[in-house]
Every structure is written in structure tokens, then in C-alpha cells.
Amino acid sequence: MFEDTIIGLTEQVAGITLKSKEKIPVAARKSLNRQKKVIIKEHIDFSTQCVTVIKTKGVFHSFILCWMDQDLFDALTTGMNRNRKLEYGKQVFYMMEYYNIICGRVLSKINNMMASTSRLTVPQVIHSQKELEIPKDDYRQHVRWDFDSDYGGLHVETYYDLRKNKNK
Amino acid sequence: MEKKGTILVIDDSPFVSQQIKDIVEQEGYEVIDQAKNGEDGIEKFKEYRPDFVVLDIIMPGIDGIETAEVILKEAPDAKIVMLSSLCDAGTLEEIKSIGLKYLIPKPLEGAVLLATLEMLEGKKE
């Protein structure tokens, strides 16, 4: 359901077709859950993949990590700007708004399903692995969505916990 | 073309501001300024007294709901359209609780924004 939401919104906002890739295997997810500190490493290139973090607060408490390949970053932001190329600084803002839109729509669905009012933070671009050390105890569940496109990959990795009766 | 009114956009996203400008200016509205956060938006509202305000909820600093509350205290008749990537029932209830009626989901659709502005103006039900 959420993958279809992201695919549909990307088409609407930028005219780019994403395809959902196979989910991360259960065995790998179990090994992530055993780690004391969840540290994202190795598979992300901070210099080219414009890594962005969005947090949610409330009943759905989460840390959402988003990143995409450089060519997709260029194609997506150009598509959002009616096929006119942007200078890099503006591209970053457009990308942040894209992540705000897809994460906001997914969170809206979760809020409606759970009859809760969890909130998003403003997206924040991350420049190094050090900024990604998150206390594992805060987020006991994990899900990752990987997408492919003609321009490269998009990845959305969510560490989350469900908390009762939490307001913003 | 008939001039339809002035709009202040309060949203930290240049993408959204450009979208709004592209949609409304071809229909006779004028985007008089853009504020990137609530505090700046409140100051610009006081300065310009626009006919309409299009206001994002999630922004750095104070959020859009708090910004709307301050503007409505200043001008209870202010015509405000809320805009957000969050469009769940709880968010709609929250904006209704402060006296507002309209929440437009992102990504923005031109027809929806224009119809909402007309409803605010009182031209449509």
C-alpha cells in the first residue's frame, strides 16, 4: 500500500516512474534488530546520494532515512520544475519537498488507520554517517522500501516504534 | 484580465511557492510575497494585509497552525488556506478547531487551489 503511494506521487509530482524492488529479507531484518545501535554505513554514498532524514513524533514515532542516486536526483528535481534544470542549491530544496510530500502522505494514511495525529519534522539533509547514529531502543521496528527507475534507485528506510497516547 | 486579489505564500519550499505562483497568476491573482517561516509570515501579513494567505503547516520554527492562530488574532477575517503533505482526519480537525475551513493536500492541484480561493472569496459554495 505505501509503496504504491510513493510510486503514484512520484509520477504525479515529477513524471517519473518508479518500480518497487524486492523487500529486504527477514533474516537481515532480524540481524538489524539485534544490534545495540543502528548505524547506517557502507551502502550509502553521502557525497552523491543526498541523504535526508525526516522524523515523526506521536503514536508513530520514527526516524525515516531517504536517499537516491545522483541521476534520479537530477531527473526528479528537473521533472518537478516542469523539465527545466535547476541550480544545485534549489535542487536540494525541491528534493526535500519531494520527501516531505511522500512521507507526509504515508504518515497521513498511518494516522487515519490508527486514528492518531503523529507529526512530521522538516526534512534535514545529512552529510555524514556520524549524524545517523540512532539509539536502537527508541525504534524497535524497521522497514525498508527500495525502488528502481530509468535514472537510478530511491530508498526509504524507516526505524519506528508505536507509542500509546502520544501527542506532538 | 480582472484582478482577483493578492496572495501571501507562507511556505519554506521554493517548489511550492513557484507552483502557487504559476497557478494563480494566470488566473488574475498576484503573489505579493513569500515567507519561509511562520515568524516572517506574520510580519509580512501585518505589512501587506493580503487578500489571501496560503500557509504550509510543517515549517522551521513555529508551525503553520500556530502561525494561523496569530494571524487570526490580528485579523479575524483573514482568508487563510492551509496547505500540507499531512492530510489526515486529525489534521483537518486541528485546523477546524482554530476556526479555519480549508486544508489542501500536497502535491498541490491547481484546480483545487483555485476553487478554494473562490470559496473563501464567497463566490462558490
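Residue numbering restarts at 1 for every chain, and letters A, B, ... go by the order of the sequence lines. Bear in mind the structure is a predicted one, so any value in this text is a computation, not a measurement.
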remark   = Distance col, row B:L86:CG vs A:S118:OG, nearest 0.5 angstrom, shows 9.0 Å

Euclidean distance, A:N111 CG relative to B:C87 SG, rounded to 0.5 Å = 9.5 Å

message = Quick check for you: to the nearest 0.5 Å, what is the distance between A:K90 atom NZ and B:S13 atom OG?
response = 10.0 Å

ask   = Should we say atom NZ of B:K36 is surrounded by more than 12 heavy atoms from elsewhere, each under 6.0 Å from it?
value = no

message = Please determine whether side chain to side chain contact (heavy atoms under 4.5 Å, CB included) holds for the pair B:D63 and A:R119, giving the CA-CA distance in whole Å, both sets of side-chain angles, and the decisive distance to 0.1 Å.
response = CA-CA 11 Å; B:D63 68 17; A:R119 289 287 176 259; over 6 Å; no

inquiry  = Count I, L, V, M, F, W, Y as connected when their side-chain heavy atoms are under 4.5 Å apart, and connections chain through other members. Are B:V54 and B:I32 then in the same cluster?
reply    = no

ask   = So if you build clusters from Ile, Leu, Val, Met, Phe, Trp, Tyr with side-chain heavy-atom gaps below 4.5 Å, do B:V112 and B:I20 land together?
value = yes

task = Measure B:E109 against the heavy atoms of chain A and call it side chain, backbone, both or neither at under 4.5 Å.
result = side chain

ask   = If you tally heavy-atom pairs under 4.5 Å against chain A, which of B:G90, B:P107, B:P105, B:P60 wins?
value = B:P107

message = Please determine whether residues B:I98 and B:I80 belong to a single hydrophobic cluster, defined as Ile, Leu, Val, Met, Phe, Trp and Tyr linked transitively by side-chain heavy-atom distances below 4.5 Å.
response = yes

task = Determine whether A:E97 and B:Q19 make a side-chain contact, defined as any pair of heavy atoms from C-beta on separated by less than 4.5 Å.
result = no

query = So which of A:F93, A:Y94, A:Y99 actually passes ring pair (Phe, Tyr, Trp, His ring centres under 6.0 Å) with B:F15?
reply = A:Y94

query = In this structure, are over 12 heavy atoms from other groups packed under 6.0 Å from A:F147 atom CZ?
reply = yes

ask   = Nearest 0.5 Å, what's the CD1-OG1 distance between B:I58 and A:T121?
value = 8.0 Å

query = B:S85 side chain to A:R105 main-chain N or O, any donor-acceptor pair under 3.5 Å?
reply = no

query = Heavy-atom distance under 4.5 Å between the side chains of A:K109 and B:D88, does that happen here?
reply = no

note = Counting heavy-atom pairs under 4.5 Å with chain A, the top scorer among B:D22, B:D12, B:I57, B:V16 is B:D22

query = Which distance, rounded to the nearest 0.5 Å, do you find between the CG of A:N81 and the CD of B:Q18?
reply = 7.0 Å

key: Transitive ILVMFWY side-chain link A:F60 to A:M113, under 4.5 Å   = yes

Side chain to side chain contact (heavy atoms under 4.5 Å, CB included) partner of B:K106, the single match among A:I101, A:I102, A:V13, A:L9 = A:I101

